[in-house]
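See structure below.
These numbers come from a predicted model, not from an experiment. FYI, side chains are in, hydrogens and waters are out, and symmetry mates aren't considered; it's all heavy atoms of this structure.
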Amino acid sequence: MAHRRGAAGVVLLILGGVLASIALGWVLSRPEDPDVSAAAEPVVRDGALVDARTGDPWVPQGPSWSGFETACAQGWGYSGLDPLGEDAEAEQAALIASWGADTVRLPLNQDCWLGTRGAPVSDDFVERTPQGYRRAVGRFVEALHEEGLVVVLDLHSRKRIGSAAFGSMAMPDSESLAFWRSVAAQYADSPSVLFDAFHAPHSRVDARGRPVLELDWRCWSRGGCDVPVDDDRTPTRAGRATYEALGMDDLVDSIRRTGAEQPILLSGLDRANDLESWLEWAPEDDQLVAAFHAYDTADCGPTCWEEVIAPLSDLVPVLTTELGAEDPTDGWVADYLAFAEEHDIGSLLWVWAERPGDPMALVSDLEGTPTAWGELARRWWTDGLTGTG
């Protein structure tokens, strides 16, 4: 009898081992939770950006991906992804990740998101809606996350009233609050999404170079100044219709009221090239990032980098949300990247888009064929920035 119980025990032991082995194999082989992103989860901590998952410093590198700010206003798609097939989002995301990037900035069109000013524009074959635009953005965000890429959503452009054209306004208006209430609510629970509140605050001059709007830091922060209704691709003049600007305080408050807690990027004056008084006028919020646009045609060059940008980066995170040059391969961009690396400043290069003849296009097609500029970017992102100038 004892012998028979022992044999049964051996059988049960073997069976238990087999079942445990099967269970272990299932655990190891099962697909990862599709809702869990491999992308970093950036937060501001002690004046720097860190990945909340690990506490390690996070210094983003990647491109701005252009298309959502233009196509929907011009009527040829929600973005450049439309003609590329049903797997376009995943393919684009995989291409960008294969270059070594960890972040992608997506410029968006305020009117296409809200359905204002007749946007997004339909054609004879496709009816386009704001809901369709939002879904298209969402599919790409999800695909980028699945490749481990952080996404920066940028309020970039508007559709021009009465024409299939687009441009950037000098400052936010009341509809910008509606835009951010909607966007932030949609992505409040997405820790790998950051918000670039307003692309490029700027002054305006008329065709003769005379000031029409002289944007100052008070209006940047609190709003209240009168801004021409014309976008930056339209000549303006004194006496034209204006709207009352809203300030960065308003945009930050609008985002936070949705419950979204992610870092918010605030661009400075002079199309994000002037950060001299950013710290003095920035809203009260512990998750703000100073957004900087670095171009060789702008005023803030190497001396300004050392005297303004470097000291600011010691106090708050600075992220270069656009970086480019008339000839990005001539060494100027490499010099900036060397400076940025020394000060833990991330850089997002302009621009991942198919634009024949544009020296700042990183690719010659959306299949990811790199231009000379793209080859440099891919090498920097893959092999590191040090010593590549």
By side-chain contact (heavy atoms from CB on, under 4.5 Å), Leu279 pairs with (sequence neighbours left out) Leu312, Leu315, Val316
Do NZ/NE/NH1/NH2 and the carboxylate oxygens of Arg256 and Glu261 come within less than 4.0 Å?
no
Asn109 and Phe166 have their tightest heavy-atom pair at ND2-CB, 4.4 Å
Residues at least two apart in sequence or cross-chain that pass side-chain contact (heavy atoms from CB on, under 4.5 Å) with Arg355, listed by chain then number, are Ser66, Glu69, Trp350, Val351, Ala353, Asp358, Ala361
Heavy-atom closest pair (Pro228 atom, Leu213 atom, distance to 0.1 Å) is CD-CB, 4.0 Å
Applying ring-ring contact (aromatic ring centres under 6.0 Å, His included) to Phe198 and not counting sequence neighbours gives none
Is it true that Trp99 and Trp352 have ring centroids separated by less than 6.0 Å? yes
Nearest heavy-atom approach of Ser192 to Glu41 is OG-CG, 3.9 Å
Thr258 and Ile255 have their tightest heavy-atom pair at OG1-O, 2.6 Å
In short, disulfide bond (SG atoms under 2.5 Å apart) pairs touching residues 303-377 with sequence neighbours left out are Cys300-Cys304
Pair Asp230 + Arg204, salt bridge at N-O below 4.0 Å:
no
Does the side chain of Trp113 pick up a donor-acceptor pair with the side chain of Ser182 at under 3.5 Å? yes
ask   = With a 4.5 Å limit on heavy-atom distance, are the side chains of Ser347 and Gln61 in contact?
value = yes
Taken in chain and number order and not counting sequence neighbours, the residues that satisfy salt bridge (charged side-chain N to carboxylate O under 4.0 Å, His left out) with Arg208 are none
Salt bridge (Lys or Arg N to Asp or Glu O under 4.0 Å) pairs touching residues 172-192, sequence neighbours excluded, are Arg158-Asp173, Arg158-Glu175
Any side-chain heavy atom of Pro370 sitting closer than 4.5 Å to one from Leu376? no
Under a side-chain separation threshold of 4.5 Å, the hydrophobic residues clustered together with Val126 are Phe125
Could you check whether any side-chain heavy atom of Cys225 comes within less than 4.5 Å of a side-chain heavy atom of Leu215, counting everything from C-beta outward? yes
Practice task
Give a yes-or-no answer on whether the side chains of Thr320 and His293 include a donor-acceptor pair shorter than 3.5 Å.
Solution key: no
Going by chain and number, the hydrophobic cluster around Leu194 (ILVMFWY, side chain to side chain under 4.5 Å) further includes Val44, Leu49, Trp58, Val150, Val152, Leu265, Val289, Leu319, Leu348
Next on the checklist: Does either side chain, that of Ser176 or that of Gln110, offer a donor lying less than 3.5 Å from an acceptor on the other one?
Outcome noted: yes
Kindly indicate whether the side chain of Asp56, heavy atoms from C-beta on, has any atom under 4.5 Å from the side chain of Val50.
-> no
For residues 88-97, the salt bridge (Lys or Arg N to Asp or Glu O under 4.0 Å) pairs (sequence neighbours left out) are Glu89-Arg139
Residues 298-314 vs side chain to side chain donor-acceptor pair (under 3.5 Å), sequence neighbours excluded, gives none
Here the pair of heavy atoms bringing Leu114 nearest to Pro130 is C-CB, 4.0 Å
Heavy-atom check, side chain of Pro302 versus side chain of Asp335, under 4.5 Å: no
Taken in chain and number order and not counting sequence neighbours, the residues that satisfy salt bridge (charged side-chain N to carboxylate O under 4.0 Å, His left out) with Arg160 are Asp231
Exercise. Evaluate the side-chain proximity of Glu244 to Val227: yes if any heavy-atom separation is below 4.5 Å, no if none is.
Key: no
Asp270 side chain reached by Ser203 side chain, heavy atoms, under 4.5 Å
no
So side chain to side chain donor-acceptor pair (under 3.5 Å) across residues 210-227, not counting sequence neighbours, yields Asp206-Arg210
Heavy atoms of Arg128 and Asp123 approach each other most closely as NH2-OD2, 3.1 Å
So do Leu349 and Trp381 actually touch side chain to side chain, heavy atoms under 4.5 Å?
yes
